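What follows is one structure encoded as structure tokens, with my remarks underneath.
Keep in mind that what you see is a predicted model, and the values were worked out from it rather than measured.
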Amino acid sequence: MSNKKKWTLAGLIIIVLAVIAGIGYGVGHKDTANTLQSHEWALTNNGQTQTAKFDKSNHLSVGQGDMKYSYSYKISKKNDQEYLTISGKGSMSEPIKYVYKIADKDKGFDLTLDKDKSNRNALNDTDDFVGDIQLAEK
């Protein structure tokens, strides 16, 4: 086999291995949105735990039993930091926007309220999302 054919064969093998590795990473790697959507979560905030469900159309349902509240959510990333933005109506029907920094935790997430990015209504509200939140798989 000539030197040129050896290099071509070696190059093809490297490309095939790279493609396989990329496919394997894509199959095994879930982004935060997919992870949130794939489970029901125990949402703990200020000592109270409720059930949270994130769906693929960016709706978030939070509550217990028949008492559930609906919000919209969005996940964004800036400078390697992921953020979860939760929007909806507060306890007095005012528009609220909570913004949390997302940190991975064993079988869940820690959400730290970013007070500079959340709106004043959210910071003054006594809703489900005041303060930091822990999400754990149910």
For this session: Determine whether E137 and W41 make a side-chain contact, defined as any pair of heavy atoms from C-beta on separated by less than 4.5 Å.
Result: yes

Exercise. Can you tell me if K97 and S118 form a side-chain donor-acceptor pair at under 3.5 Å?
Worked result: no

Exercise. Do F109 and Y98 share a hydrophobic cluster (ILVMFWY, side-chain heavy atoms under 4.5 Å, transitive)?
Worked result: yes

Seminar exercise, completed: Those residues at least two apart in sequence (or on a different chain) that pass side-chain hydrogen bond (donor to acceptor under 3.5 Å, both in side chains) with S57 are D55, H59

For this session: Grab the two heavy atoms, one from N45 and one from G131, that are nearest each other, plus how far apart they are.
Result: ND2-O, 4.3 Å

Problem set entry | Residues in side chain to side chain contact (heavy atoms under 4.5 Å, CB included) contact with K56, at least two apart in sequence or another chain | Q37

Exercise. What residues form a side-chain hydrogen bond (donor to acceptor under 3.5 Å, both in side chains) with S72, not counting sequence neighbours?
Worked result: none

For this session: Would you confirm whether S93, through its side chain, and K89, through its main-chain N or O, come within 3.5 Å as a donor-acceptor pair?
Result: no

For this session: With sequence neighbours excluded, tell me which residues meet ring-ring contact (aromatic ring centres under 6.0 Å, His included) with Y73.
Result: F54

For this session: Could you list the residues that satisfy side chain to side chain contact (heavy atoms under 4.5 Å, CB included) with K68, not counting sequence neighbours?
Result: S61

For this session: Sequence neighbours left out, what pairs pass ring-ring contact (aromatic ring centres under 6.0 Å, His included) with at least one residue falling in residues 75-94?
Result: none

Problem set entry | Contacts of type side chain to side chain contact (heavy atoms under 4.5 Å, CB included), residue D110, not counting sequence neighbours | A103, K105, Q134

For this session: Consider only side-chain heavy atoms of I, L, V, M, F, W and Y, link residues closer than 4.5 Å, and tell whether L111 and L113 are in one cluster.
Result: yes

Problem set entry | Listed partners of N119 passing side-chain hydrogen bond (donor to acceptor under 3.5 Å, both in side chains), at least two apart | none

For residues 74-81, dump all side-chain donor-acceptor pairs below 3.5 Å to protein atoms at least two apart in sequence or in another chain.
from, atom 1, to, atom 2, distance (Å)
Q81, NE2, I102, O, 3.2

Problem set entry | side chain to side chain contact (heavy atoms under 4.5 Å, CB included) against T49, all qualifying residues, sequence neighbours excluded | A42, T44

